[in-house]
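Since the structure comes first, as structure tokens, the remarks are kept for the end.
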Number of protein chains: 2
Amino acid sequence: MIDTLIEHINSKISKPLTENEIQLLSEIFQPKKLRKHQYLIQSGDVCKHAAFVVKGALKKYTIDQTGKENILELYIENWWAGDKESFMIGTPTPYYIDAYDDTEILIITKEDFTNKLTKLPFITELNNVLTERQSFQLMKRLHSSQTLTAEQKLEQLQDTYPEFFQRFPQHIIASYLGMTKETLSRIRKASTRK
Amino acid sequence: MIDTLIEHINSKISKPLTENEIQLLSEIFQPKKLRKHQYLIQSGDVCKHAAFVVKGALKKYTIDQTGKENILELYIENWWAGDKESFMIGTPTPYYIDAYDDTEILIITKEDFTNKLTKLPFITELNNVLTERQSFQLMKRLHSSQTLTAEQKLEQLQDTYPEFFQRFPQHIIASYLGMTKETLSRIRKASTRK
DNA sequence: AAAAAACGTTGACATAGGTCAACGTTTTCT
DNA sequence: AGAAAACGTTGACCTATGTCAACGTTTTTT
């Protein structure tokens, strides 16, 4: 399992991990299984782990007064799941994250992260790269959210993350796109007609 | 002018800048004035400078087929203006940034940034802190964009950045919030009535 | 001082997308 | 195997917000 993580890290940083670093990572990261529907975090928790997805799928969402889920992020293999703000700053998270499928993750505690990893240059670099990429993507999603029609949002997602359509049902995709499942259903019908 | 920048940096990093570092920053950052309406960058440009706002106000936006401006970010004193993705990766920016008022900025070229600053630990830390904060804010804005009513978006902005209402006219605020100026006008009327 | 531009408001109307309810199909659970 | 839950689709209707146009006020330009 740890191999997947090593490979992921190597693909993001400028020089490959040394044997020592790999050894350290293997000791610190713990494998964990989540059953379908099991929570990784719940609203109100402080996020005490960072989690790397080895296998499976998760969703991050809020629940409003009427009980409706608003999905903010979807995670599949090779993604990092968690609320980074809560993890870094220690504030309670407003989000739920749960497994959409049976899922295998590698987790690291906040303490190990701070005490054993923070000093390593490759972690700083990795963290930088990931945070930056996250921020670029969020900027694009915000712009799309404010300017595109429902149909354009769907097209854009099909271009950006086509794999989501294999992994998640339509009502999940709809929520991620900020629309209802009915709207998504109607749009799909309309655009296959073309 | 450079004092404002020094103070800003000191407020974000863990140990104060040394005399040498301050000296270096003074040499590298160049003051520049922008007239009201003057562009800092235009769509298609590669963003070759990072800019720190000392005085004034700017907006970052796209222009759609019908000529409508969609404002993504507003910048005032002590903010960094620019397209970080374009600056970092060298891709052409899709955005325009222009001065909403007469504005004074401090700019640094990509070359100086890469060659003279990248190695300094405080720059890495600053960059981290700013990128992370940006990413947290974008997550919240995306969530708001997808879940709040126009009225709730207004209230939230009044709580988060009350200073914007002193610095920008309503049609700018409306665009930043992803609504039309007419909607904003009607909402304000309705909520003062309460 | 006059002209022009920018700004905010209001009304009438249009529309994209939401809501609610029903139904058939597929998947999951026991 | 049978029951229950999850899923996707469709219709009827609703509503928040957008569009367009007009107008008065304020600010900027000349």
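All chains are named by letter (A, B, ...) in the order of the sequence lines, taking the proteins before the strands, and each is independently numbered beginning at 1. When reading the values below, keep in mind they use all heavy atoms of this one structure, side chains included, and skip hydrogens, waters and symmetry mates.
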Tell me which donor-acceptor pairs under 3.5 Å the side chains of residues 53-62 of chain A have, and how far apart each pair is, sequence neighbours excluded?
unit_1  : atom_1 : unit_2   : atom_2 : d
A:Lys59 : NZ     : A:Glu69  : OE1    : 3.4
A:Lys59 : NZ     : A:Glu69  : OE2    : 3.4
A:Lys59 : NZ     : A:Asp98  : OD1    : 3.2
A:Lys59 : NZ     : A:Asp98  : OD2    : 3.4
A:Lys60 : NZ     : A:Glu73  : OE1    : 3.4
A:Lys60 : NZ     : A:Gly82  : O      : 3.4
A:Tyr61 : OH     : A:Asp98  : OD2    : 2.6
A:Thr62 : OG1    : B:His143 : NE2    : 2.7

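- Summarising the geometry, the separation between NZ on B:Lys68 and P on D:dG18 is reported as 7 Å, rounded to the nearest angstrom.
- With rounding to whole Å, B:Arg35 atom CZ is found 14 Å from D:dT29 atom C1'.
- In this structure, B:Leu25 and B:Ile2 approach most closely via the heavy-atom pair O-CD1, 3.8 Å.
- In this entry the distance linking CG of A:Asp64 with C1' of C:dT19 reads 14 Å, nearest Å.
- Nucleotide C:dA16 holds its C1' atom 9 Å from the CD1 atom of A:Ile187, rounded to whole Å.
- We find the CD-CD1 distance between A:Gln42 and A:Ile97 to be 11.0 Å, quoted to the nearest 0.5 Å.
- Checking the phosphate oxygens (OP1, OP2) of C:dT9, no side-chain nitrogen or oxygen of B:Lys189 falls inside 4.0 Å.
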Distances under 3.5 Å between nitrogen or oxygen atoms of protein and nucleotides 3-7 of chain C:
unit_1 : atom_1 : unit_2   : atom_2 : d
C:dC7  : OP1    : B:Tyr100 : OH     : 2.9
C:dC7  : OP2    : B:His171 : NE2    : 3.0

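- Of the side-chain N and O atoms in A:Thr183, one or more sit less than 4.0 angstrom from OP1 or OP2 of C:dG18.
- The distance from the NE2 atom of B:His49 to the CD atom of B:Glu111 is 8.0 Å, given to the nearest 0.5 Å.
- Along DNA chain D, the nucleotide nearest to B:Leu148 and the one nearest to A:Ser185 differ in position, and the one closer to the 5' end is contacted by A:Ser185.
- The side chain of A:Thr180 lies closest to C:dT19, out of C:dT19, C:dT9, D:dG18.
- When the P atom of D:dG18 is taken as reference, atom CE of B:Met179 falls 7 Å away, rounded to whole Å.
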As a quick check of understanding, evaluate salt bridge (charged side-chain N to carboxylate O under 4.0 Å, His left out) for B:Glu77 and B:Arg167, giving each step before the final call.
CA-CA 11 Å; B:Glu77 287 80 14; B:Arg167 303 297 297 275; 2.7 Å; yes
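- In this structure, A:Arg188 atom CZ and D:dT10 atom P are separated by 11 Å, rounded to whole Å.
- The closest side-chain heavy-atom distance from B:Lys33 to B:Glu104 is below 4.5 Å.
- Of the N and O atoms on the side chains of B:Gln23 and B:Glu27, at least one donor lies less than 3.5 Å from an acceptor on the other residue.
- We find that A:Asp112 and A:Lys116 are joined by a salt bridge, their nearest charged nitrogen and carboxylate oxygen being less than 4.0 Å apart.
- A side-chain donor-acceptor contact under 3.5 Å links A:Ser145 and B:Ser145.
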Please enumerate all protein N or O atoms sitting under 3.5 Å from an N or O of nucleotides 20-24 of chain C, with distances to 0.1 Å.
unit_1 : atom_1 : unit_2   : atom_2 : d
C:dC20 : N4     : A:Glu182 : OE2    : 3.3

